[in-house]
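Shown next, in structure tokens, is the structure this report addresses.
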2 protein chains.
Amino acid sequence: MKENKYYTIYHQLAEKIENGEMEAGSLLPSEHILAEQFGASRETIRKALNLLSQNGYIQKIRGKGSVVLDVKKFDFPVSGLVSFREIAESSGKAWRTNVHELVLIRPDDALARQLKISGKEEVWQVVRSREIDHENIILDKDYIRKKFVPSITRDICEISLYQYFEKTLGLVISFAKKEITVEKATEEDYKYLDMGEYNHVVVVRNHVYLDDASLLQYTESRHRLDKFRFVDFARREHR
Amino acid sequence: MKENKYYTIYHQLAEKIENGEMEAGSLLPSEHILAEQFGASRETIRKALNLLSQNGYIQKIRGKGSVVLDVKKFDFPVSGLVSFREIAESSGKAWRTNVHELVLIRPDDALARQLKISGKEEVWQVVRSREIDHENIILDKDYIRKKFVPSITRDICEISLYQYFEKTLGLVISFAKKEITVEKATEEDYKYLDMGEYNHVVVVRNHVYLDDASLLQYTESRHRLDKFRFVDFARREHR
DNA sequence: TAGTGGTCTAGACCACCAG
DNA sequence: TGGTGGTCTAGACCACTAA
């Protein structure tokens, strides 16, 4: 289990910044000096610094140096690919997942289009509500291609599908396309969620792709308005 | 105006993929071969391929090659840093910006905290509503540090602040932190927006940073529920 | 002008995949 | 086993910033 050199360097520098050993606003040592200190080539150092920059730890300025940013001022990108469990656990609140449905279906036309597959391919349908502080505020509807995930149990749905996919099945999730809109609540929303006075939900549609660019899963995550929050950290692309 | 070599290669390959010259699902030539073809080193080719991968054109698979993705299947990330004007123009719909306020203020405590400045520093306050298909559906409240932008005119507010900042003033915007929530509509929302039956708005809070990591601007963009849409293309980070 | 980060090169070794 | 992408090196030249 050997880690990349540049990744190790990234971690060490990130830790120093988080600890406050590197003061916000100050400059990192130059790339030449870091290369000496870590016994690495400058290009390797640069890979580590690019990671730091992408994750909001530093800002590189040509001709000047790498400025340490104030990490505490940003709550970090709830990157597009984080499981409910990770968020819930880090929040420190009481949480629970209720599994309402776990069946194998053949998709109707609309779903087949979302999954970009034929209507004949079998698909797992998982419907779960998420309870936080004893209120059901999120309804997750997952559609997973049986081709990639032969079996699923209720227990797995209660803990974490992602963990099961990645740790147990060894699937490598590589990217996801997310779309956020607000829509009128459906009967299903009223049935499974504690809607209170609200009659709309925030809908997050998510297409999850594997390593080899094939589509693994389509997810519809429906949130009660007042509990929804999404954070994004966008870096300007080249040019 | 010379372009980077790797950026030129990126553009040429991206164009071929968009034109359909490289078929979706097929493999790109190997990195060694591309290096020969373009008369570049392999590392330079790899920089171009990484850009293609980051922008959803290809998926790299170790030991196998670089798979061309079906570009048409993705509508692209309305990356965090796109102006209203760009979106409105590309939609092909009738649009208009109404400027309601353009004044120099000293921020109150709440705003000073958002901008991370002292209450003594002067700030431009710009309030605009956005009309699409003859309905006011977005309310944009911008707060811009006078330190970086000495003067603003009504005309500029009607066209594009971003264009003015970047093209005319030469400011280089480098990253932004965005937060999306849903909140009860305020009196101001009712005043400037055609709220119809709705009593909530989607609020996008945006902190915009410059090249040297200083905060340029805080923006609150308030959208009528039914017209809001946000797309995000998230790539799994290393590990 | 000295020092910084940005680009580019030519070559090396490795881990992974397919036949 | 041969070819692929992933990592790493040592060195070079450039554009930019600050003194």
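Numbered from 1 within each chain, the chains take letters A, B, ... in sequence-line order. Just so you know, these numbers use all the heavy atoms, side chains as well, and skip hydrogens, waters and symmetry mates.
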TODO: Determine the minimum heavy-atom distance between B:Trp124 and B:Ser151, stating which atoms define it.
DONE: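 For B:Trp124 and B:Ser151, the tightest heavy-atom pair comes out as CZ2-CA, 3.7 Å.
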Open item on the list: Show the nearest heavy-atom pair for residues B:Leu34 and B:Pro29, with the distance to one decimal.
Closed with: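 Where B:Leu34 meets B:Pro29 most closely, the heavy atoms are CD1-O, 3.5 Å.
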Consider the side chain of [X], meaning its heavy atoms from C-beta on, and name the nucleotide among [options] that approaches it most closely.
{"X": "A:Arg46", "options": "C:dG6, D:dT7, C:dT9", "result": "C:dG6"}
{"X": "A:Arg42", "options": "D:dT7, C:dC8, C:dG5", "result": "C:dG5"}
{"X": "B:Arg62", "options": "D:dT17, C:dC8, C:dC16", "result": "C:dC16"}

TODO: Find which nucleotide of DNA chain C each of A:Glu43 and A:Lys64 is nearest to by heavy atoms, and output the residue with the more 5' nucleotide.
DONE: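 This one resolves to A:Lys64.
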Task: pair B:Arg130-B:Asp140: side-chain heavy atoms closer than 4.5 Å - done: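 When only atoms from C-beta onward are counted, B:Asp140 and B:Arg130 do touch, with a gap below 4.5 Å.
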With respect to the phosphate group of [N], does any side-chain polar atom (N or O) of [X] fall under 4.0 Å of OP1 or OP2?
{"X": "B:Tyr6", "N": "C:dT7", "result": "yes"}
{"X": "A:Lys5", "N": "D:dG6", "result": "no"}
{"X": "B:Lys60", "N": "D:dG6", "result": "yes"}
{"X": "B:Thr44", "N": "C:dT9", "result": "yes"}

How close or far is atom [atom2] of [N] from atom [atom1] of [X], stated in whole angstroms?
{"X": "A:Lys47", "N": "C:dG5", "atom1": "NZ", "atom2": "C1'", "answer": "17 Å"}
{"X": "A:Ile45", "N": "D:dG11", "atom1": "CD1", "atom2": "P", "answer": "16 Å"}
{"X": "B:Asn50", "N": "C:dT7", "atom1": "CG", "atom2": "C1'", "answer": "15 Å"}

TODO: Could you tell me how the ring of A:Tyr143 sits relative to the ring of A:Tyr218: parallel (under 30°), tilted (30 to 60°) or perpendicular (over 60°)?
DONE: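 Parallel, since the angle between the ring planes stays under 30°.
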- [ ] Determine the contact category for B:Ile61: base if any of its heavy atoms lies under 4.0 Å from a base atom, sugar-phosphate if only primed atoms, P, OP1 or OP2 are that close, otherwise nothing.
- [x]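 Sugar-phosphate only.
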- [ ] Identify, residue by residue, the members of residues 26-41 of chain B with a heavy atom below 4.0 Å from DNA chain D, and return them in order of residue number, or none.
- [x]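 Residues of residues 26-41 of chain B that come under 4.0 Å of DNA chain D are, in numerical order, B:Ser30, B:Glu31.
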Open item on the list: Strictly below 4.0 Å, N to O, side chains only: are A:Glu121 and A:Lys146 in salt-bridge contact?
Closed with: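 Salt bridge: no.
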TODO: Assert yes or no for the condition that the ring centre distance of A:Phe165 to A:Phe148 is strictly below 6.0 Å.
DONE: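 So the answer is no for these two rings.
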